[in-house]
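The structure appears below as structure tokens.
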There are 2 protein chains.
Amino acid sequence: MMAPARRPGRTEREDAMTKGVPSIRDVADAAGVSTATVSRALSNPGVVTETTRRAVFDAIEQTGYTVNVAARNLRRRETGGVVVLVPNLGNAFFSLILAGIAEVMAEADLNVLIADTAPGVNDERQILDYLGNHRADGLIVLDGMLSADLLLDRGDPRTRAPLVFACEWVEDLVRPAVTIDNVAAARLAVRHLVDLGHRDIGHLAGPPGNVLTATRRAGAEQCLAEAGLDLRDDWFIDGDFSLRSGAAAAERWMALRHRPTALFCASDQMACGFIAALHRAGYSVPRDVSVVGFDDIEFAAHFVPPLTTIHQPRVEIGRTAARMLLRRMEARRMERPDPETTSETLPVRLVVRDSTRRVSV
Amino acid sequence: MMAPARRPGRTEREDAMTKGVPSIRDVADAAGVSTATVSRALSNPGVVTETTRRAVFDAIEQTGYTVNVAARNLRRRETGGVVVLVPNLGNAFFSLILAGIAEVMAEADLNVLIADTAPGVNDERQILDYLGNHRADGLIVLDGMLSADLLLDRGDPRTRAPLVFACEWVEDLVRPAVTIDNVAAARLAVRHLVDLGHRDIGHLAGPPGNVLTATRRAGAEQCLAEAGLDLRDDWFIDGDFSLRSGAAAAERWMALRHRPTALFCASDQMACGFIAALHRAGYSVPRDVSVVGFDDIEFAAHFVPPLTTIHQPRVEIGRTAARMLLRRMEARRMERPDPETTSETLPVRLVVRDSTRRVSV
DNA sequence: TCTGATTCTGTAATCGTTTACAACAGGACT
DNA sequence: AGTCCTGTTGTAAACGATTACAGAATCAGA
């Protein structure tokens with residue numbers, strides 16, 4: 001061992017060091033081994049001798065070598081990254097989910113690419129580009145409004161990057177998802193209002209067509225029906241999860257002749273927007289109307305009044321989705337059948353704060 | 001032209017099509033040209049004949065070819081992406097800045113990698129890995145708390161990826177930055193309070209050591225001094241930009257024997273946390289104390305009461321930083337000297353809402 | 001017809017890894 | 001001594017694009 005083995009092209013390693021980034025070749029020369037051995041010492045340390053390994057790591061230290069990911073990815077036929085499709089980066093709800101994903105992916109040494117699917121910021125071409133499996137080894141989709149066609153029509157099924165949904169999902173597409181039980185969660189929220197004696201309960205829903213909108217509304221209606229309560233059409237208001245749409249809903253509420261005494265909102269942002277707009281018009285929550293939110297974003301605990309809401313474990317949703325995707329990617333690498341088409345449902349809980357109160361008789 | 005020029009390895013193009021992703025080779029075969037021509041048709045359409053170009057694009061359409069970015073990046077010696085270092089993904093303030101960056105970068109066909117520098121999610125090794133110029137062609141840093149050493153000690157200056165700061169910056173490091181004039185902005189806020197007749201004005205600051213904390217505090221102190229007002233030490237409270245630290249500040253305020261009648265907060269989140277905590281204790285804003293925030297996040301307009309604050313053009317900050325980085329990257333590619341070490345300052349404005357009021361005499 | 005310029009295209013080297021395969025050394029066993 | 005492992009290393013061929021260079025084709029002008 002320790003044969004000099006000079007690189008044919010360059011005569012001096014010093015020379016190699018002065019220009020450009022050091023490559024595996026430079027490390028090999030410095031350690032007196034072949035590039036293959038360096039590669040092995042890095043990716044599979046068990047197979048090289050203790051002494052060799054030490055020599056290689058010393059050489060790496062000395063040269064300041066870092067692996068060229070483009071070359072590695074090319075050779076390994078993978079990209080070393082996953083992309084996350086987010087409906088709207090501007091929505092604070094997603095930040096902690098992304099944090100959870102980023103945390104797990106960083107452990108696995110995978111890049112996380114975040115793409116906003118909001119119209120305008122990425123057009124369909126861009127999204128398709130991400131889906132073509134040159135950009136990513138896997139995909140986490142947080143946007144249930146993407147068309148199933150878009151998600152399906154991409155390359156050969158065998159070469160297609162695995163996909164998992166989180167939070168939202170696309171109905172027509174059978175793919176594993178990490179979600180909460182939205183129906184049960186909505187029932188929890190409405191049940192709370194019923195228990196407080198409310199009989200006139202409205203619902204501020206998400207955007208039409210969204211799965212969360214549908215499931216949460218269904219849960220609310222079920223619970224209402226069980227309590228033998230009316231489902232008044234004019235008490236169901238369409239929103240879009242945003243603060244602004246909550247404010248718009250307040251206008252609707254105020255215009256009502258017969259107003260519900262309680263409102264279940266499909267997102268905290270809408271609940272806050274609703275409360276703030278009401279407040280500006282001189283109404284007060286929970287005095288004039290009780291409000292339940294959904295998500296338990298940070299602001300919920302720090303609103304005026306603090307918001308009663310459904311807590312979603314956002315970081316954990318992100319982590320779980322990431323781990324699930326990792327398993328599917330691993331299976332594909334090993335050419336094993338997909339380990340799971342089964343989804344995972346995370347528990348939610350009702351957090352009672354001050355935006356709801358017993359109905360005054 | 002139109003010579004068959006079969007690929008030596010495979011005999012039938014059909015064969016190539018059935019397995020794996022189509023490569024530039026498959027396109028070349030389908031179009032009856034060489035791979036070089038396909039590459040040229042793609043990256044420099046001007047130099048190939050109209051007919052050839054059409055043949056190539058037809059073949060691309062037909063084969064469903066998409067360029068393998070790993071191969072391209074390896075050959076071009078670039079990565080096709082930029083990374084953004086965010087202090088805390090969980091903080092909603094950054095979402096719109098990221099959206100602005102993503103928008104501009106998408107136009108330039110560059111990936112945006114987002115890395116959270118919060119302790120725990122990415123350790124120093126990870127961050128260094130991003131900085132080594134194998135992961136990214138450029139860097140946008142939103143975190144002013146990173147040590148200058150960390151940012152400096154990476155590889156050869158000539159091969160180092162260009163960096164621009166946005167919002168925050170590191171004092172010791174001479175790098176272009178996209179910022180607002182924090183001193184002037186703070187003066188604007190305090191001036192507003194002074195104009196309303198307040199003479200007892202406190203400041204809820206950011207985390208110690210942060211540049212924003214320092215500059216905003218300096219602006220506040222300047223304005224106070226000009227108005228001939230006391231700068232009481234116990235009216236300056238340390239925070240960390242979060243809702244929680246705003247709530248903590250409320251405890252401090254309530255414990256004060258002599259309380260300021262107005263508080264200038266270095267972030268909207270702290271302002272909201274402060275107001276909410278006060279409200280829970282039976283105090284009311286602006287009745288008991290006027291509050292000015294900073295940032296104008298979405299919630300500011302939808303809080304109870306709507307928050308008087310300093311508006312930051314967040315999307316525009318992101319866009320500007322992205323464009324600036326693009327220029328520096330371009331210059332480096334062309335081996336031109338860096339076009340700018342000069343920073344850019346974006347305008348802010350005071351948005352008066354309902355959390356401040358004229359002091360009652 | 002010949003020369004030279006111009007335009008287009010093909011050949012082949014190259015980017016920096018990984019990994020199948022072969023080679024080799026050393027030890028255990030017959 | 002010969003055979004067969006086992007463990008470690010080197011050789012060289014990929015991976016899929018880009019691009020310097022050279023060659024072919026076309027045309028103008030003499």
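Computed from heavy atoms alone, side chains included, the values below leave out hydrogens, waters and symmetry copies. For clarity, every value in this text was computed on a predicted model and none was experimentally measured.
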Tell me the interatomic distance from A/N68, atom CG, to D/dA17, atom P, rounded to whole angstroms.
17 Å
Could you tell me which residues satisfy salt bridge (Lys or Arg N to Asp or Glu O under 4.0 Å) with B/R75, sequence neighbours excluded, listed by chain and number?
none
Side chain to side chain contact (heavy atoms under 4.5 Å, CB included) partners of B/A321, counting only residues at least two apart
B/I140, B/V164, B/A166, B/V178
Which residues pass the salt bridge (Lys or Arg N to Asp or Glu O under 4.0 Å) test with A/R54, sequence neighbours left out?
A/E50
Walking DNA chain C from its 5' end, the first of A/I24 and B/S34 to be reached, judged by nearest nucleotide, is B/S34
Gap between atoms CZ and P, on B/R333 and D/dT19 respectively (whole Å)
11 Å
Starting from P on C/dT17, measure out to CG on A/N44 and report it in whole angstrom.
18 Å
Residue set satisfying salt bridge (Lys or Arg N to Asp or Glu O under 4.0 Å) with A/R319, at least two apart, ordered chain then number -> A/E103, A/E316
Within the side chain of B/T49, is there an N or O that forms a donor-acceptor pair under 3.5 Å with the backbone of B/T51?
no
Return the polar atom pairs (N/O with N/O) between nucleotides 19-27 of chain C and the protein under 3.5 Å, or none.
residue	atom	partner	partner atom	Å
C/dT19	O4'	A/R75	NH2	3.4

Overall bend of the helix from C/dT1-D/dA30 to C/dT30-D/dA1 (five pairs an end, 10° steps) is 60°
Rounding to a whole Å, what distance do you find between A/R77:CZ and C/dT17:C1'?
14 Å
If you assign each of B/Y65 and A/T49 to its closest nucleotide in DNA chain D, which residue comes earlier from the 5' end?
A/T49
Need one value for B/V48: base, sugar-phosphate or nothing, where a base atom within 4.0 Å counts as base even if backbone is also close, heavy atoms only.
sugar-phosphate
note: B/R53, atom CZ; C/dT7, atom P; distance rounded to Å ~ 15 Å
For B/T37, check side chain to side chain donor-acceptor pair (under 3.5 Å) against everything at least two apart and list the hits.
B/S34
Can you list the residues that meet the side chain to side chain donor-acceptor pair (under 3.5 Å) rule with A/E168, with sequence neighbours excluded?
A/N210
Given D/dG16, D/dT18, C/dC8, identify the nucleotide with an atom nearest to the side chain of B/R72.
D/dT18
Listed by chain and number, what are the salt bridge (Lys or Arg N to Asp or Glu O under 4.0 Å) partners of A/E330, not counting sequence neighbours?
A/R333
If I take atom CG in residue B/D29 and atom P in nucleotide D/dG16, what distance separates them, rounded to the nearest angstrom?
13 Å
Check the distance between C/dC15's P and A/L74's CG and give it to me in whole angstrom.
14 Å
Using atom CZ of A/R25 as one end and atom P of D/dG10 as the other, report the distance to the nearest whole Å.
10 Å
Could you verify whether a donor N or O on one side chain and an acceptor N or O on the other, from A/D26 and A/T63, lie under 3.5 Å apart?
no
